[in-house]
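Take a look at the structure below.
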Amino acid sequence: MPIRVYNTLTRTKEDFRTISPGKVGIYLCGPTVYKEAHIGHMVGPVIFDTIKRYLAYNRFEVTWVVNITDVDDKLIAQSRVRGIPMSQIATEMTMDYCANLMALGVDQITHMPKATEHIDDIITFIRNLIERDYAYESEGDVFFAVGKDSEYGKLSNRRPEEQAGMGGDAASKKRAPGDFALWKEAKPNEPSWPSPWGNGRPGWHIECSAMSHKILGNSFDIHGGGLDLIFPHHENEVAQSECCHNLPMARYWMHNGLLRSGEAGKVGGRATSEANSQSNIEPTTQKMSRSEGAGGLRGLIERLGGERIRFYLLRTHYRSTIVFSEERVAEASGALEKFYLFFERYQRVTKQPFYHASGQISGMAPRFRDHQQSYTGNSSLLTEVDRLRGDFLRKMDDDFNTGAAMSDLFQLLTALNRFADENNLEDEQTSNTALGDFRTGVETLRELAYLLGLFIKPPVRASEEPEGDLADSLVRLLINLRNEARRNKNFDTADQIRDSLTDMGIILEDAQGTTRWRSE
RNA sequence: GGCGGCGUAGCCAAGUGGUAAGGCGGAAGUCUGCAAAACUUCUAUGCGUCGGUUCAAUUCCGACCGCCGCCUCCA
């Protein structure tokens, strides 16, 4: 069974076939770095990070490019408002963006090209389009002539004449209102670069065509982005690139669904006047800040933990809308706790920490799909593990259905817990066979979770916790007092101690003759 | 108006032309002094409404209702 991918271009699921055997080039449209990232900006990176992991697991050599657009009208406007150079804002916001990516476990990006570092490539690209008569200069601006491209509209399924608006601010310079800017003449005090058409800067769209071409070539395998980019951004990209190179730009166009805040409206989107006039809904931007609370995305990540957010995003199919609110994430995270508790159990059983110091799974778990794991023997556990692994991979094969695949991860967890129960693995003397099967099962769990980017590093705990030696000593002291009371059958006192601790968020667990504690 | 998406249990969410994964929550049970954790069982005669095709539809087709996105610079 090949991997199947939904292609926006054909609006069907297609078998995944690469242009070069064994190699995959992915281009994902990244942010315009004019303000801090919000949670909606993380959806694409998280799903494509997962896709890259999965393709690599299937022995593809993947190059994944995420661009940074660091020159743009909004950046210039911000620069004016804040009175600092555009480049400084761009640098700040790029770092903010990257920090957020790391917190969500997005660490698979191969290249992050910046538009301002590819001005030459952009100019060459535009010059090429002019030579081929797909673009024209007009008073220092350069426009793409949409009418020259017979295929224009194929991605968004629109007819050019239907979508052409009024032409915007530059309408008077355009031959047709649907034409879009490739190059914009610099206004006084704007950042600019010299070009054959005078000082100016690139339009939107063009940087993606130029940089994807530079890094991935004339044709590459996957082009991704949010659904909202299909038009005009991607439509214009295909038009530019294909007119320039006379080759298909990308084989598969993959678009992720958008995030909406729990209340209403799209997170980070434009506030539409209709939506706001029909109810008491506040402008969308406010809703976004409300949904992220104090401190924006950084604060959100600090409060919830990056892994919970990633888990939440991957529970839903990537093409669906995700309704996001802090409460919903917190609610859904109960499921993750089961895994965390299990990893502690794993450590009690094997006397080894679940998480590897390096954060890498190589050497401990198979990294590729085709590894020859022996699930042989008559162990019912391994038979089940093998089955669940197969189910998981089949679901991932089908357009990266992470939400469905997760069900197998949960079933795997249950199977392992059941096995540990039945075989009393936490007792001192357990059979090596059972222990071996258990380890194999856990390594499979780790292998699959790795594909989703989960359970690679210990979770950064969300809330402030009574961690540390002092807290531990104090809790241990109370536990000892309580156990003394229990030995004397003084259960009232024992329960009083436990209840008080519970009120403070400390859970006690009596097991195997000892008492453990953890915080909620 | 054009293009596109969605509507599955209290909540979240997969999915299939043959009779509904999984998670949260809830109920009961095993274990425990009692709990916690873990495990077991149960929790949608039903997949927006109404028609149609079919031996059979939640799944295909049509209409309708409701929600949402894009239509020149939002990931």
Side-chain angles (χ1 to χ4, degrees), chain A residues 8 11 28-32 37-45 66 69 72-74 153 156-159 161-171 177-181 203-205 224-233 235-236 255-260 264-270 272 275 284 311-312 315-317 319-323 328 331-338 341-342 344-345 391 395 398 401-411 413-422 426 486 489-492 494-495 498-499 502 507-511 515-518:
Chain A
T8 306
R11 284 171 281 280
L28 176 72
C29 284
T32 299
H38 59 72
I39 182 66
H41 291 124
M42 298 292 121
V43 177
V66 179
T69 298
D72 165 271
D73 289 354
K74 284 175 302 214
S156 57
N157 194 26
R158 287 159 210 266
R159 291 180 207 178
E161 59 273 20
E162 281 173 355
Q163 56 76 33
M166 304 306 287
D169 297 340
D179 293 351
F180 55 91
W204 192 25
H205 323 310
L227 268 172
D228 54 343
L229 292 183
I230 294 175
F231 190 90
H233 187 56
E235 191 70 72
N236 291 353
H255 292 97
N256 58 270
L258 304 182
L259 200 73
R260 293 200 304 130
K266 185 179 71 181
V267 171
R270 287 186 299 228
T272 59
T284 318
F311 171 73
Y312 186 78
R315 283 179 41 158
T316 306
H317 185 89
R319 279 189 280 121
S320 302
T321 303
I322 301 173
V323 179
R328 284 172 194 245
E331 214 173 277
S333 307
L336 270 185
E337 294 304 321
K338 293 173 69 169
L341 288 173
F342 174 75
E344 288 169 19
R345 184 176 202 182
D391 288 350
K395 290 166 188 171
D398 185 9
N401 195 340
T402 55
M406 260 181 209
S407 122
D408 299 302
L409 217 52
F410 279 101
Q411 292 179 65
L413 175 68
T414 301
L416 289 165
N417 263 321
R418 189 196 305 122
F419 185 80
D421 281 356
E422 286 170 354
E426 290 181 60
R486 289 172 72 209
K489 307 278 186 213
N490 192 350
F491 294 119
D492 284 349
D495 290 349
R498 184 176 59 199
D499 291 346
T502 303
I507 313 287
L508 299 190
E509 295 180 11
D510 301 321
T515 301
R516 297 190 296 266
W517 73 275
R518 64 189 161 85

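In what follows, every heavy atom counts, from backbone to side chain, and hydrogens, waters and symmetry copies are set aside. Every chain is numbered from 1, with letters handed out A, B, ... down the list of sequences.
For A:N157, a side-chain nitrogen or oxygen approaches OP1 or OP2 of B:rG4 to under 4.0 Å. For B:rU40, the OP1/OP2 oxygens have a side-chain nitrogen or oxygen of A:R418 closer than 4.0 Å.
Relative ring orientation between A:H233 and A:H205 is described as tilted, the plane-to-plane angle lying within the 30° to 60° band.
Note: CD (A:E235) to C1' (B:rG4) measures 13 Å, nearest angstrom. Taking atom CZ of A:R319 as the reference point, atom C1' of B:rC70 lies 17 Å away to the nearest angstrom. Look at CG on A:D228: it is 11 Å from P on B:rG69, rounded to the nearest Å. Atom CZ of A:R260 is separated from atom C1' of B:rA75 by 16 Å (rounded to the nearest Å). Taking atom CG on A:L227 and atom P on B:rC6, their separation rounds to 11 Å, with Å as the unit. For the pair A:M42 CE and B:rA75 P, the interatomic distance rounds to 11 Å; values are reported in whole Å. Rounded to a whole Å, the CD atom of A:E344 is 13 Å from the C1' atom of B:rA36. Distance, A:E509 CD to B:rC34 P: 17 Å, rounded to whole Å.
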(Q) With side chain to side chain contact (heavy atoms under 4.5 Å, CB included) as the criterion, how do A:R498 and A:D510 come out once you've worked through the C-alpha distance, each side chain's angles and the decisive distance to 0.1 Å? (A) CA-CA 11 Å; A:R498 184 176 59 199; A:D510 301 321; 4.3 Å; yes
Q. A:T321 and A:L258: side chain to side chain contact (heavy atoms under 4.5 Å, CB included), yes or no, with the steps?
A. CA-CA 5 Å; A:T321 303; A:L258 304 182; 5.6 Å; no
**Q.** Steps toward side chain to side chain contact (heavy atoms under 4.5 Å, CB included) verdict (A:H317, A:N401)
**A.** CA-CA 6 Å; A:H317 185 89; A:N401 195 340; 3.8 Å; yes
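Of the inter-residue distances, the one linking A:M42 atom CE with A:L259 atom CG reads 11.0 Å to the nearest 0.5 angstrom. Note that the CZ atom of A:R418 and the CG atom of A:L413 stand 10.5 Å from one another [nearest 0.5 Å]. The structure places CD of A:E344 at 8.0 Å from CZ of A:R516, a figure rounded to the nearest 0.5 Å. One distance of note links OG1 of A:T414 with CG of A:L416; it measures 9.0 Å at 0.5 Å rounding. Rounded to the nearest 0.5 Å, atoms CH2 (A:W204) and OG1 (A:T32) are 7.0 Å apart. Atom CG in A:D391 sits 12.5 Å away from atom CG in A:L409 (nearest 0.5 Å).
In this model, a side-chain donor or acceptor of A:R498 finds a partner on the base of B:rC34 within 3.5 Å.
Pairing each heavy atom of A:L229 with each of A:C29, the nearest pair is CD1-CB, 3.7 Å. The minimum heavy-atom distance between A:R486 and A:A494, with the atom names listed, is CG-CB, 3.6 Å. Taking every heavy atom of both residues into account, A:A332 and A:F311 meet most closely at O-CE2, 3.6 Å.
Note on A:N417: only backbone sugar-phosphate atoms sit closer than 4.0 angstrom, heavy atoms only; bases stay farther off. Contacts of A:G225 with the nucleic acid, taken as non-hydrogen atoms under 4.0 Å apart, involve only primed sugar atoms and P, OP1 or OP2. Looking at heavy-atom distances under 4.0 Å, A:L341 makes contact with sugar-phosphate atoms alone, never a base. Among the atoms of the strands shown, only primed sugar atoms or phosphate atoms (P, OP1, OP2) are found under 4.0 Å from some heavy atom of A:I507. Within 4.0 Å of A:G30, counting heavy atoms only, lie sugar-phosphate atoms of the nucleic acid but no base atom.
When the C1' atom is compared between B:rC47 and B:rG15, the two are found 11 Å apart, to the nearest whole Å. Between B:rA57 and B:rG17, the two C1' atoms lie 6 Å apart (nearest whole Å). Only the P atoms considered, B:rA20 is 15 Å distant from B:rU16, to the nearest whole Å. The P atoms of B:rC73 and B:rG62 are separated by 33 Å, rounded to the nearest whole Å. B:rG69 and B:rG10 have their P atoms separated by 26 Å, given to the nearest Å. Comparing B:rU49 with B:rA13, their C1' atoms are spaced 23 Å from each other, to the whole Å. B:rU41 sits 11 Å from B:rG23 when the P atoms are compared, rounded to a whole Å. When the P atom is compared between B:rG25 and B:rG51, the two are found 40 Å apart, to the nearest whole Å.
Nucleotides of RNA chain B nearest to A:R328 and A:A494 differ in position, and the one nearer the 5' end is that of A:R328. Between A:F180 and A:C29, it is A:F180 whose nearest contact on RNA chain B lies nearer the 5' terminus.
Looking only at atom types and distance, the side chain of A:S407 has a donor-acceptor partner in the side chain of A:Q411 under 3.5 Å away.
A:R11 is listed as a side-chain neighbour of A:N157, based on a closest heavy-atom distance under 4.5 Å.
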Short N/O separations, protein against nucleotides 58-60 of chain B, under 3.5 angstrom:
none

Distances under 3.5 Å between protein N/O atoms and the N/O atoms of nucleotides 26-32 of chain B, please, pair by pair.
none

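When Watson-Crick and G-U wobble pairs are counted only if both distances are under 3.5 Å, B:rU58 pairs with no nucleotide at all. A 3.5 Å limit on both hydrogen-bonding distances identifies no Watson-Crick or G-U partner for B:rA44. For B:rC6, the paired base is B:rG66 (Watson-Crick or G-U wobble, both distances below 3.5 Å). B:rG1 and B:rC71 make up a base pair, with Watson-Crick or G-U wobble contacts both under 3.5 Å. With both pairing distances under 3.5 Å, B:rG17 is matched to nothing as a Watson-Crick or G-U wobble pair. Nucleotide B:rA38 has B:rU30 as its partner under the Watson-Crick or G-U criteria, with both atom distances under 3.5 Å.
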Q: Go along nucleotides 14-24 of chain B 5' to 3' and tag each nucleotide: B for a protein heavy atom under 4.0 Å from its base, S when only backbone or sugar atoms are that close, - otherwise.
A: SS-----BBSS
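Nearest to the side chain of A:R158, among B:rC70, B:rC39, B:rA75, sits B:rC70.
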